[in-house]
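Letters A, B, ... mirror the listed sequences (proteins, then strands); counts begin at 1.
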Amino acid sequence: MMYSEKVMDHFTNPRNVGEIEDASGIGEVGNAKCGDIMKIFLKIEDGIITDAKFNTFGCGAAIATSSMATELIKGKPIEEALKLSNKAVVEALDGLPPVKLHCSVLAEEGVKMALQDYYNKRGEEMPEEYRPRCDGDCSGCGV
Amino acid sequence: MMYSEKVMDHFTNPRNVGEIEDASGIGEVGNAKCGDIMKIFLKIEDGIITDAKFNTFGCGAAIATSSMATELIKGKPIEEALKLSNKAVVEALDGLPPVKLHCSVLAEEGVKMALQDYYNKRGEEMPEEYRPRCDGDCSGCGV
Amino acid sequence: MNVYADNAATTRVSEAALEAMLPCFVENYGNPSSPHHIGQKAAQILLAARQTMAEHLGAEASEILFTSGGSEADNQAIITAAVIGARKGKKHIISTKIEHHAVLHALNKLEKEGYEITLLDVYEDGIVRLSDLEAAIRPDTALVTIMYANNEIGTIQPIKEIGALCREKGVIFHTDAVQAAGHLPINVKEQNIDMLSLSAHKFHGPKGAGVFFCRKGIPITSIIEGGAQERGKRAGTENLPAIVGMAAAFKAACEQMPDAAARVQAMRDKLIDGILQLPEVILNGDREKRLPGNVNVSVKGIEGESLLLMLDQAGICASSGSACTSGSLDPSHVLLAIGLTHEVAHGSLRLSLSEYNNDAEIDYILSTLPPIVERLRSMSPVWKKMKEGK
Amino acid sequence: MNVYADNAATTRVSEAALEAMLPCFVENYGNPSSPHHIGQKAAQILLAARQTMAEHLGAEASEILFTSGGSEADNQAIITAAVIGARKGKKHIISTKIEHHAVLHALNKLEKEGYEITLLDVYEDGIVRLSDLEAAIRPDTALVTIMYANNEIGTIQPIKEIGALCREKGVIFHTDAVQAAGHLPINVKEQNIDMLSLSAHKFHGPKGAGVFFCRKGIPITSIIEGGAQERGKRAGTENLPAIVGMAAAFKAACEQMPDAAARVQAMRDKLIDGILQLPEVILNGDREKRLPGNVNVSVKGIEGESLLLMLDQAGICASSGSACTSGSLDPSHVLLAIGLTHEVAHGSLRLSLSEYNNDAEIDYILSTLPPIVERLRSMSPVWKKMKEGK
Ligand SMILES: Cc1ncc(COP(=O)(O)O)c(C=O)c1O
Ligand SMILES: Cc1ncc(COP(=O)(O)O)c(C=O)c1O
């Protein structure tokens, strides 16, 4: 298991650590049982993600993917954030060891959970195809 | 498998190598199948073993025990030669590795065969208890 | 500062061991089975190493089988006992929940072949109860295999008493002494041990050599068939350099044990006391009955791997029972066995010391750890929930 | 003069191998499973060694399993194929009469478990016939295991053709390449090899490391259970120094092979020609299809061990198929398989050369041997009978 320099950079100096007091949407995925919990906070104004922050309990990859996922969506319109894939996170980090791929899935799901929360709060329907699939039970996820 | 200095000495400078033209008794034991053949020649005068020689095809221990066995009986009365035991040969050589003990048995049997031949030639009975037991089939010997 | 505090994983080879090994590569490189002088020199060296190991284990040279390491020795011991048991219709084996995988996986394999396995509880302190063992032994018990000292939490089992009980009941007793050897006194006779495994690289010997001690009279089953090496019980040209290095390291470790253990234990205690100053940190495993060099704590609210990575960036090499370091989802079976929740188990940190560590290093760890813990907790949703819960 | 001519038993470790190993004892001593920098440095070194071995075998890194040596690799290959076969109801294995004991004894064990073993003849020249193999392969054949080159008589089997035949018939093909590796070209893909064993100490690498190559797609059975090392197929902390030394030695051996083989072969031929000048001496094994460094002759009328001892006293280290060097009553199964009588087999002498030998040594052997032979024959009753018989 060797992390890329990018992963180590995002682990060592994680971007966007923290909480957003008046968040437009909050998503929490993972569970302590399997060792990774991510909490994503989004501030959304006029369909644009103006701020994104995270809190993560987890391994190096979990922290790095949280950091990278929030970076990738910050300043982007919702439509783009909806399309964030774990693959994009992995690529932006110059790869992850195979056993750590589930962390990138968690990051994708965390962002989707936060967006779901945003839609819910506004009483809107989240587009079907982008809805989070994470049920909080990591062993069911298969990655 | 390590030989004692005594064994190496008797292997390197074996005593009594050769044949005796007009031997009083000749004994041959072992077989080429199992890798050791000893031929013992005795010259016996007035009940005394005045000369003893050997020819041996075999390992270092086979040569050393042949050498030592002939040394041990040379100049001795028949009665003593009859009592030569493989244990005495082993002791005189400061021991043998366990897998080589059969060589000492072969030497004892070789001497007995030669004495048997001597008795036979003279039409005498060899004392029952000292008769050779070697049947030439090494695998039957058990040592 | 660089601090190697992962000596339970593996150790640096000592100068003495390396010096003993070097001539075996280019000078005494013979095959101990060869009858010529270079081979016989190797055979002599091999015998001397065997005698050294035997002497410091309270065993006889003929009872020492050299293996490639601890895992092989564990496997061979278990298979040996299983084969003996099967011949008598005994197919029950007792072990504990905190054994090394070399034992547990070998037992799993036997379970698939129809053996019944009982794994004893070790309670919160990580120690087996003799009464539990006594209750578990049955007429068809073929083997009791209980480790001397645990590799994660360092807890030491009452080996002598376990051995006595097994002897009384006529059951073969094997102990995985991989973590104990060189660190705790061993005398197979006095401790009633029938079979024992050890591995050189855990006491500043080289990787690639181990010992399977098997009391004479117990017929050994080979797991590697072939040549007549090791009395026909372990085929393969002997790894002479590693064996020689092992003997040198073991001799030194045993001779220096009283002093070294006291020194290491003092460092350990200072480290434990220091770390326990941090809030919400617990010590895993009994505080007294533990290896002189073992520290294992759970730092609540954070995950082990990220803690390790940050320590590593500060030059400190440590280990964790976190799932993330093993690539599986579940944290260490040992930590779960002593009753930790998954969440707490994930936050475990093992610092394993040896006589190569020093006080300055302990101070460095103690000054480096708190800010890292604080930083990770500050970004941990689990920690926040814990604090709010109060 | 001291001459080491027993390179088939084991070799001196090369400077290059030793140099590669040394940093792994005291600097890069980490456990490749540890996530910290010392462990990860070890993991990198391990991966590089794996890639080196793969590259020079024409394999992929993921197909290389590190073992403790050739015997372990042979055992694991055979068990792996046996388990696969058993699942499909195939319990027939084909091998030859001249395999190493690591193969033959592993097969014996399977025979006791209900497998059927066919050992192919190798005729007087020590070479398997493809037609015999073809005739022996049955629908229930699970494995063909045939050594690349023999350790006693040096004969080389037609591996590529055997592999092609096995592939055509859908049978797994394993080759014990312990004597071939580093001395003969190997390319597992081109030679249709499914599984291969090698051992570092036969090509100036260290003792304690070997490779079990297993083509991807073939599910491997572990013989040592435990940690997840080697993709879970071979537990135990990796013997990093030995593995690194093996890779360095193998790389050097493969790169220098064309030159070295020619040089060694020239010495071999000179030695064979010289020895065959002696009366009643025969060469064992095919003269052409033999390892560049192998000389094996039978000196009629004398016994091998005493010959060896006298050569040893003159400083020459050699080997023999004599029973006496092995401690059993029967001489080498290999020499009997090529049709020698017990008597002649007992008088066998193996001189195995490597690139570390030189012409002066060959001359020395050639001048030392005749008087020793004469001396032993002069006291041999067998020799006398032979002479009289003529
Ligand atoms: C042909 C052959 N196979 C297997 C082996 C076993 O190798 P090792 O002794 O390294 O286990 C040897 C050498 O002893 C050999 O020559
Ligand atoms: C308790 C215990 N048993 C067995 C082993 C296995 O030893 P090795 O890795 O040397 O095979 C280890 C170490 O990894 C251990 O700590």
Report the option among [options] that has the most heavy-atom pairs separated by less than 4.5 Å from atoms of chain C.
options: D:Ala9, D:Gly69, D:Ser199; answer: D:Ala9
options: D:Asn108, D:Asn75, D:Ile223, D:Asp74; answer: D:Asn75
options: D:Leu18, D:Leu104, D:Ile79, D:Ile78; answer: D:Leu18

**Q.** Ionic contact status for D:Glu72 with D:Arg234, cut-off 4.0 Å
**A.** yes
Least distance between heavy atoms, [X] atom then [Y] atom:
X: C:Gly245; Y: C:Pro206; value: C-CD, 3.6 Å
X: C:Asn28; Y: C:Leu240; value: O-CD2, 3.9 Å
X: C:Arg350; Y: C:Asn151; value: NH1-O, 2.7 Å

(Q) Hydrogens and angles aside, do D:Ser197 and D:Asp176 bring a side-chain donor and acceptor to less than 3.5 Å of each other? (A) no
Q) In terms of side-chain heavy atoms, does D:Thr10 have a donor or acceptor partner in D:Lys207 at a distance below 3.5 Å? A) yes
Q) With respect to C:Ile316, which candidate in C:Ile365, C:Leu308, C:Leu369 satisfies the side chain to side chain contact (heavy atoms under 4.5 Å, CB included) definition? A) C:Ile365
Q) Is chain C contacted by the side chain of D:Ala17, its backbone, both, or neither, given a heavy-atom distance below 4.5 Å? A) neither
Q.
Between D:Leu22 and chain C, with a heavy-atom cut-off of 4.5 Å, which part of the residue counts as in contact: side chain, backbone, both or neither?
A. side chain
I'd like to verify something: which residue of [options] has the highest number of heavy-atom pairs under 4.5 Å with chain D?
options: C:Glu27, C:His101, C:His36, C:His204; answer: C:His36
options: C:Cys317, C:Ser34, C:Gly208, C:Ser71; answer: C:Cys317
options: C:Gly210, C:Gly30, C:Gly70, C:Ala209; answer: C:Gly30
options: C:Met21, C:His37, C:Gln76; answer: C:His37

Chain D contact via [X] - side chain, backbone, both or neither, heavy atoms under 4.5 Å:
X: C:Ala42; answer: neither
X: C:Gln229; answer: neither
X: C:Asn31; answer: both
X: C:Ile243; answer: neither
X: C:Ser14; answer: neither
X: C:Thr67; answer: neither
X: C:Asn2; answer: side chain

Which distance, rounded to the nearest 0.5 Å, do you find between the [atom1] of [X] and the [atom2] of [Y]?
X: D:Asn150; Y: D:Ser332; atom1: CG; atom2: OG; answer: 8.0 Å
X: C:Leu107; Y: D:Glu225; atom1: CG; atom2: CD; answer: 10.5 Å
X: C:Ser352; Y: C:Asp6; atom1: OG; atom2: CG; answer: 5.0 Å

